[in-house]
Every structure is written in structure tokens, then in C-alpha cells.
Asker: 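I have a structure I would like to understand better, so I am pasting it below and will then ask my questions one at a time.
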Number of protein chains: 2
Amino acid sequence: MTAARRLSRFELQIMQALWAGGPLSIREIQQCFPPDDRPAYTTIQTMVYRLEAKGAVERVKKISNAHIFAPLITRESALRRLVEEFLGLFGGRAQPLMAHLIETGKLSLDDIQEAEKTLRRLSKKKENS
Amino acid sequence: MTAARRLSRFELQIMQALWAGGPLSIREIQQCFPPDDRPAYTTIQTMVYRLEAKGAVERVKKISNAHIFAPLITRESALRRLVEEFLGLFGGRAQPLMAHLIETGKLSLDDIQEAEKTLRRLSKKKENS
DNA sequence: GCCAGTCTCCTAATATTGTAGTAGAGACTA
DNA sequence: TAGTCTCTACTACAATATTAGGAGACTGGC
């Protein structure tokens with residue numbers, strides 16, 4: 001079960017850093033935050049420890065006296081969880097979300113076409129099963 | 001500025017009721033929750049008051065001795081805010097989100113095709129401007 | 001071996017969110 | 001108009017999230 005518990009916004013930001021940058025030390029995670037709004041070292045630390053308690057990250061090694069943390073849950077599973085929740089707030093329907101993504105230019109035509117292809121493939125597979 | 005502050009999950013659920021059902025009283029909002037997990041009247045009340053303090057709802061009239069509340073921010077602007085935040089956590093890219101929606105069957109082929117049409121129309125408009 | 005710097009571990013204040021009780025005002029009904 | 005019911009306004013408290021300080025261990029250079 002990769003599920004893990006619900007992660008807070010801030011916790012997700014830290015996971016984000018780990019997903020993007022591979023195993024990192026506390027200091028390195030801190031450096032992922034913009035200089036003008038960077039939490040204190042110990043703030044990050046507390047979060048990472050909490051993530052560790054939740055089973056979302058683990059210590060993989062020690063460089064000098066610094067622990068190096070790596071994500072234990074995948075970006076995908078976190079995304080799944082989030083989307084679930086997110087859609088729940090909007091009646092479970094994804095369509096308005098899509099519409100919004102398009103209107104704000106977050107989705108390109110290529111993205112959509114790619115999606116369509118995937119979808120066709122999936123539905124065909126279902127037919128055959 | 002329709003922006004308003006960030007809304008919590010529960011606050012959004014209340015907004016959801018208001019967006020869906022038009023101006024409502026506290027009691028009516030409460031009734032929007034499933035009977036088997038319905039917060040106390042005063043719990044809803046507190047939330048609505050907080051939403052009022054945040055400028056997300058306002059009192060539009062009084063029926064008998066009950067206040068009627070209406071949303072001050074649109075569903076769209078709240079959605080925009082949420083999506084922004086949401087995507088921020090995933091590097092601002094919408095594609096992985098799409099992929100997920102498809103895999104979990106949240107998006108139908110119709111949805112996609114509709115989206116594609118919209119997108120084509122939009123991009124054409126842009127060309128001409 | 002000592003010093004400066006960095007890191008860990010523990011602790012804790014503060015803010016935000018979720019939850020709800022109570023007192024009393026106002027409204028409806030017999 | 002007395003009784004009952006509903007709603008408001010205020011208050012309280014627990015849980016969670018955010019933020020960070022301080023003491024002391026460890027490391028690397030001199």
C-alpha cells in the first residue's frame with residue numbers, strides 16, 4: 001500500500017522537491033524554495049520528519065553527518081489521491097476542470113490529441129475483454 | 001478583486017452548496033450534506049460566518065428571522081485558484097493530470113472531443129487577432 | 001585537539017480548521 | 001399571550017498545519 005495518509009499543501013511542496021530532484025538533504029530541500037519566501041531550516045526539517053512518520057519519505061543514506069531523504073510514495077499515487085479529493089469538491093465531474101484548463105491555456109492541442117489516442121486505445125481494450 | 005483568500009476543503013463544500021442551490025439559509029446549507037454525516041447546525045454556521053469574513057459570501061436578505069446567504073465569488077474564480085495551486089504542485093503541467101483523469105475513467109471520449117473542438121476554436125481566434 | 005560550521009533531535013508557540021454548545025432574540029401557533 | 005421552535009450571535013475547544021528556537025552531536029580544517 002503506497003497510499004499513505006493525506007498530505008498537506010506544504011508537505012506536498014516538499015515531496016515535489018524530492019520527486020523533481022531525487023534524494024536530497026534537508027538543506028537541499030530548503031534551497032528548492034524561492035529565496036524571498038524560504039522557510040527556516042528547522043521548519044523544513046519538521047515537515048520532512050513528519051513525512052517520514054507518515055511513510056512518505058525515508059532516509060536512504062548519510063553523507064557526512066547529513067541524512068539524505070528519498071520519496072517512498074510516487075508522484076502518481078499522490079496525484080491520484082489529490083485528484084480524487086479535488087474532483088469530490090466539484091461533484092466528481094472532470095469536465096468543468098478540463099474546460100478550465102483549456103481556457104487558461106494549460107492544455108495544448110497536442111495534449112488533447114494525445115489524450116484522445118490513449119482513450120481510444122483504452123476503450124478498445126475494454127471491448128475485447 | 002474577486003480573489004478572496006484561500007478556502008479550506010470544508011469551506012469549499014459550503015460554497016459548492018451555494019453555487020448549486022442559489023442563495024440559501026444556514027439550515028438549507030446544512031441539509032445539503034448527507035444525513036449520515038451531517039455537521040451540526042452551528043458548525044455550518046461558523047463556517048458560513050468565516051466565509052463571510054473572508055468575503056466569499058454575503059447576506060442578501062432575511063426571510064422571517066433567517067439570513068439568506070449568497071456566494072460573492074464565482075465558482076470559476078474558485079476553481080481557477082484551486083487549479084493554479086494544484087498544478088503548482090506538479091510543476092504547472094496539466095498533462096499528467098489529464099493522463100490520470102483518463103486512466104481512472106473520469107473523462108469520456110465525448111469530453112475529450114468537446115475539449116478538442118473548443119481548443120481549435122480558441123486557437124483559430126487567436127490567429128486572427 | 002580545537003574551533004567554526006552544520007546537522008539532528010526535541011520542544012513548542014501560533015494559526016487555521018473543524019466541531020459544537022449556550023443564551024437569548026424573534027417568529028409562529030393554539 | 002404563553003409555549004414552542006428556529007435562528008443568531010457569541011464562545012469554546014480539539015485537531016491539524018505551520019513555523020521555528022535551542023541544546024548538543026558530528027565533521028572538517030588548521
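All chains are named by letter (A, B, ...) in the order of the sequence lines, taking the proteins before the strands, and each is independently numbered beginning at 1. As a basis for the values below, the full set of heavy atoms in this structure was taken, side chains included, without hydrogen atoms, waters or symmetry mates. Bear in mind that the values here come from a model prediction, so they are computed numbers and not experimental data.
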Asker: Has A/Thr42 got a side-chain atom pairing as donor or acceptor with A/Gln45's backbone, closer than 3.5 angstrom?
Answerer: no

Asker: Rounded to the nearest 0.5 Å, what's the gap from CD1 on B/Ile26 to CD on B/Gln30? Could you check?
Answerer: 9.5 Å

Asker: For A/Arg59 and C/dC9, what is the distance between atoms CZ and C1' respectively, to the nearest whole Å?
Answerer: 9 Å

Asker: Quick one: which residue pairs count as a salt bridge (charged side-chain N to carboxylate O under 4.0 Å, His left out) with a foot in residues 11-37 of chain A, not counting sequence neighbours?
Answerer: A/Glu11-A/Lys54

Asker: Report all side-chain donor-acceptor pairs from residues 100-107 of chain B shorter than 3.5 Å, counting only partners two or more places apart or in another chain.
Answerer:
| residue | atom | partner | partner atom | Å |
| --- | --- | --- | --- | --- |
| B/Thr104 | OG1 | B/His100 | O | 2.9 |
| B/Thr104 | OG1 | B/Leu101 | O | 3.3 |
| B/Lys106 | NZ | A/Glu84 | OE2 | 3.1 |

Asker: Can you give one letter per nucleotide of nucleotides 19-27 of chain D, 5' to 3': B if a protein heavy atom sits under 4.0 Å from the base, S if only from the sugar-phosphate, - if neither?
Answerer: BBBB---BS

Asker: Within the distance-only criterion (no hydrogens, no angle test), does the side chain of B/Trp19 pair as donor or acceptor with the backbone N or O of B/Ile73 below 3.5 angstrom?
Answerer: yes

Asker: Whole angstroms only, please: what is the CD-P distance between A/Gln30 and C/dT6?
Answerer: 12 Å

Asker: Take the protein atom NZ of A/Lys54 and the nucleotide atom P of D/dT18, then report the distance between them rounded to whole Å.
Answerer: 9 Å

Asker: Does a side-chain N or O from B/Tyr49 land closer than 4.0 Å to OP1 or OP2 of D/dT8, or not?
Answerer: no

Asker: Hey, does B/Glu58 have a side-chain heavy atom less than 4.5 Å from the side chain of B/Phe69?
Answerer: no

Asker: Can you measure B/Ile29 atom CD1 to D/dT6 atom C1' for me and round it to whole angstrom units?
Answerer: 16 Å

Asker: Take the protein atom CD of A/Glu52 and the nucleotide atom P of C/dC10, then report the distance between them rounded to whole Å.
Answerer: 11 Å

Asker: Nearest whole Å is fine: how far is C/dG18 P from B/Leu51 CG?
Answerer: 10 Å

Asker: How many Å lie between CD1 on B/Ile63 and P on D/dC7, as a whole number?
Answerer: 11 Å

Asker: Does B/Arg27 have a side-chain nitrogen or oxygen under 4.0 Å from the phosphate oxygens OP1 or OP2 of D/dC7?
Answerer: yes

Asker: Roughly, in whole Å, what's the span from CG in B/Leu12 to C1' in C/dG18?
Answerer: 14 Å

